[in-house]
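Order of the sequence lines fixes the chain letters, A, B, ..., with proteins taken first and strands second; residue numbering starts at 1 for each chain.
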Amino acid sequence: MSIKVPSQYSSYQAKVARSRATSESLWVRWSFIAIMLAFLTLFLIVPLVAVFTEGLRKGFDAYLAALIDPDALSSIKLTLIAASIAVPLNLVFGVAAAWAIAKFEFRGKSILITLIDLPFAVSPVIAGLIYVLIFGLQGWVGSSLIDNDIKVIFAIPGIVLATIFVTFPFVARELIPLMQAQGKEEEEAGLVLGASGWQILWRITLPNVKWGLLYGVILTNARAMGEFGAVSVVSGHIRGMTNTMPLHVEILYNEYNYAAAFAVASLLAILALVTLVLKSLVEWQSARSAIQNEQNFS
Amino acid sequence: MTTRKNVLPGFNLSLGYTIFYLSLIVLIPLSAAFIKTTELSLHEFWAVVSTPRVVASYKLTFGASFIAALINAVFGLLTAWVLVRYTFPGKKIIDALVDLPFALPTAVAGIALTAVYSNNGWIGSWLEPHGIKVAFTPLGVVVALTFIGLPFVVRTVQPVLEDLEAETEEAAASLGANRWQTFYKIIFPAVWPALLTGFALAFARAIGEYGSVIFIAGNMPMVSEITPLIIITKLEQYDYAGATAVAVVMLVISFILLFAINGLQWWLSRRNGSAL
Amino acid sequence: MSIEVRNIRKNFGSFSALNDVSLDVPSGELVALLGPSGCGKTTLLRIIAGLETPDAGSILFYGADATAREVREREVGFVFQHYALFRHMTVFENVAFGLRVRPKDTRPSDAEIKRRVHDLLELVQLDWLADRYPPQLSGGQRQRIALARALAVEPKVLLLDEPFGALDAKVRKELRRWLRRLHDELHITSIFVTHDQEEALEVADRVVVINKGKIEQVGSPQDVYENPVSPFVYQFLGNVNQFNSHVHEGEAKIGDLELKLANHQTTQNSAGLAFVRPHDIEIDKQARKNQAGFAAVVSYVHAIGPLVRVELQRSGEKDLIEAELTQERFRELAISQGQNVFIYPRNVRVFLNN
């Protein structure tokens, strides 16, 4: 379930004036726009605004207090730790998988691509469950871990593993189609000119896919920081210890401490908005270079 | 080009690492779920996954997911159309905002939707006099699932609409078709595989969803309890085998959907003559 | 010999791309691999470069077996069909790439790299584009940059895959002459792949005609054009008229026309195909006394340009015969559409059917 790079050419397309024969009358156009805006307002904009107004309901001081609460701070820290481990690992995996899949032909390739997609299809709750089955008390390796005083479940390693699982395909899914589309002529040219495999990767392949790579990293990071279901199963909800930000939001909310819950949630919403801005910037940037290539190559 | 032996280096290393990491993170842990269920006899397994409470949760999960995906198909198509074809102030912001459900943590979405759609919320208080209750009812589940599935249809249909050639529509117009005829005879047939894919993606995402739903659903057994919550509840009661049995049912359905979606996308890229 | 190709075979699945191909390329020559698309010519070029591994056979560079040598160590320059310029690097960095990726001990200094890149850019007359990016260049400019980049590593042989394929007709002609001049200047052994016979005949010292994974003929451009060894080469190099004929003891009969042949002396009653180039078809208004010919009707005249193309229909036959006349001869004859004429083929070449 990959996320498509949307509207690469939308700004370019919009400049192409449409003739009367291929457009709708003014009132149809505006009623379509109105229906769309109403739909998006009901489902996106109002809830988004609500996060901030609810968070500030008890005033700015209470808002700030909720954020600098030690439990909140430790949840922020844990979220950052989980993301800073999951993102690089999945990045390396994504590059390796895309290199093998996009530049080589081999049997079972389409099965491999489907398997990489698996974590998208698995409910986050099940993602958490499978790690409990392996590392939990009654799990496959759980008891031997406990003998050695290593805790995975209800501890940070479990949270990191669950986060890696749910963000597993993002980078690979962005890179594979991109690198497939670029073919391998440039890599072959590098080879003939005497470059080694690593030199080709660093100097030719990765610079060519830098926007897609960045895009994948942004999505991975957003999902890693925001994951709730999978992390919820493996964390054990130990306050100040194994709570990530989304879990901290849940606890506060279930304690009817709404303002504090929304205050922490607003941080995550800001993170989401920053993600959207970065994502749009990357898209415009890559669309710009794509259009440039398009215009000059044709 | 398909079976050329390749001189580029790094194949064994990259494929080896890919398979190793895939096995470690995904395949082995997932197989744990299937192996765990073998602890149950077929009879026990069936008993766990077919209790009335679990069956009610399937009905809710799949029913609400289907309705939400349907809502997204209709409004997603409209949104994609407006974003591709029309210009209006703030279009770029709206376009970027469509991805909010991808970026916003599900728990945040859950509490925000609950706040907005509860009896005293901005929208809920306005619906209540009309006898419509959203939060803590199955309707709330539909609202949450509509939210999280919203980008899928838009983002699969949008590129297809952008690639449509204006000439074919002009040709239809020059042959005497009116705008509506052009839409359902020319545009819709070109768009509908993408629409179906987007629908399937939204549906698949919705049936596994947990975070955004549990806050707004009310989680009443037999009424507004989704299947992922059943799994959590069983886990909290240390009923690992039971939790896993229900999980396996969901996994199998998810895998079937995944294969169907991959098939759809393959077909779609074939039709369009380009890789998506 | 700077390149020797020995009994190369290459299959892609059940498709035989190259079937026992052997070829010698003498030092300093510019050789064209000519053939229709899918004939295996690009595969052969990629095998020579090391971008493809042959199933059997060997490649020798200057007498040494290079079959197992890696691409990086073959010291070949390769110009890709679509140039494969590095999009994210300037023209300068593209040309410098081959020098920059060398191990430290053999890598030239920055100043040396700069000097050599500018020398090469001057050679291809594009020094002024050094800071541009590939997408900002025209097709012809990209082609020349790709060539400069390939030459930067001082290759022993230069391999070009359809070097002019992606260019429009006018630029193509210019670059063709330019490549020929460059080769005369550098004298580097070069092989280029093309499907355009005109290109091969004009530019190359030697033409290798390939069909269905086999070499049909190797020779100078004049040689392959004037003495094709097979019906395929005849058809592939320029327009040609075909006639069904009956061959018996050194004579070929095409309808009523009897021709003495230089070969096929011992052939008994066989069917053959006779080939005649359009400029070897003579036209007369009256039947010649002591020479047999065909009666035909002029069905179309195209009189623009130095040569006049005339399409003729042989009486009692369906297929058209194409003839080329000089403007002078055309005015002398003063023929027009619908007129009855007689045609006399010269330089007829007959291949037996088998």
Working to the nearest 0.5 Å, report the span between [atom1] of [X] and [atom2] of [Y].
X: B:Leu83; Y: B:Glu162; atom1: CG; atom2: CD; answer: 9.0 Å
X: A:Trp99; Y: A:Ile200; atom1: CH2; atom2: CD1; answer: 6.0 Å
X: A:Ile116; Y: A:Ile111; atom1: CD1; atom2: CD1; answer: 12.5 Å
X: B:Thr18; Y: A:Ile101; atom1: OG1; atom2: CD1; answer: 6.5 Å
X: B:Leu8; Y: A:Phe104; atom1: CG; atom2: CZ; answer: 5.0 Å
X: B:Thr79; Y: A:Ile33; atom1: OG1; atom2: CD1; answer: 11.5 Å

At a heavy-atom separation under 4.5 Å, does [X] approach chain B through its side chain, its backbone, both, or neither?
X: A:Tyr131; answer: side chain
X: A:Thr114; answer: both
X: A:Leu133; answer: side chain
X: A:Ala97; answer: both
X: A:Thr53; answer: side chain
X: A:Leu161; answer: side chain
X: A:Phe93; answer: both

Which region of [X], side chain (C-beta onward) or backbone (N, CA, C, O), has a non-hydrogen atom less than 4.5 Å from a non-hydrogen atom of chain A, or is it both or neither?
X: B:Val143; answer: both
X: B:Ile93; answer: neither
X: B:Ile207; answer: neither
X: B:Phe20; answer: neither
X: B:Phe259; answer: side chain
X: B:Thr244; answer: both
X: B:Leu229; answer: neither
X: B:Leu15; answer: both
X: B:Trp81; answer: side chain

Of the listed residues ([options]), which shares the most heavy-atom pairs with chain A below a 4.5 Å separation?
options: B:Ala103, B:Ser14, B:Gly208; value: B:Ser14
options: B:Trp122, B:Phe255, B:Tyr240; value: B:Trp122
options: B:Thr106, B:Leu150, B:Leu257; value: B:Leu150
options: B:Asn178, B:Ile253, B:Val26; value: B:Val26

Between [X] and [Y], what is the ring plane arrangement, given parallel below 30°, perpendicular above 60°, and tilted in between?
X: A:Phe228; Y: B:Tyr210; value: parallel
X: A:Tyr253; Y: B:Phe215; value: perpendicular
X: A:Phe170; Y: A:Phe120; value: perpendicular

Answer yes or no: is there an ion pair linking B:Glu169 with B:Arg85, defined by an N-O contact shorter than 4.0 Å?
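Between B:Arg85 and B:Glu169 there is a salt bridge, with a charged N closer than 4.0 Å to a carboxylate O.
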
As an exercise: rank [options] by heavy-atom pairs under 4.5 Å with chain B and give me the winner.
options: A:Ile218, A:Val132, A:Leu89, A:Thr275; result: A:Leu89
options: A:Glu187, A:Arg29, A:Lys103; result: A:Arg29
options: A:Val95, A:Leu115, A:Asn254; result: A:Leu115
options: A:Val274, A:Ile113, A:Ile126; result: A:Ile126

Check step by step if side-chain contact (heavy atoms from CB on, under 4.5 Å) holds for B:Arg179 and A:Val28.
CA-CA 11 Å; B:Arg179 198 62 196 138; A:Val28 173; over 6 Å; no

For B:Val213, which of B:Leu145, B:Thr61, B:Ile148, B:Val142 qualifies under side chain to side chain contact (heavy atoms under 4.5 Å, CB included)?
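Answer after filtering B:Leu145, B:Thr61, B:Ile148, B:Val142: B:Leu145.
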
Throw together a table of side-chain donor-acceptor distances under 3.5 angstrom for residues 39-51 of chain A, partners on residues two or more places apart or in other chains.
residue : atom : partner : partner atom : Å
A:Thr41 : OG1  : A:Leu37 : O            : 2.5

Could you list the residues that satisfy side chain to side chain donor-acceptor pair (under 3.5 Å) with B:Lys234, not counting sequence neighbours?
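Listed in chain order: nothing, the list is empty.
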
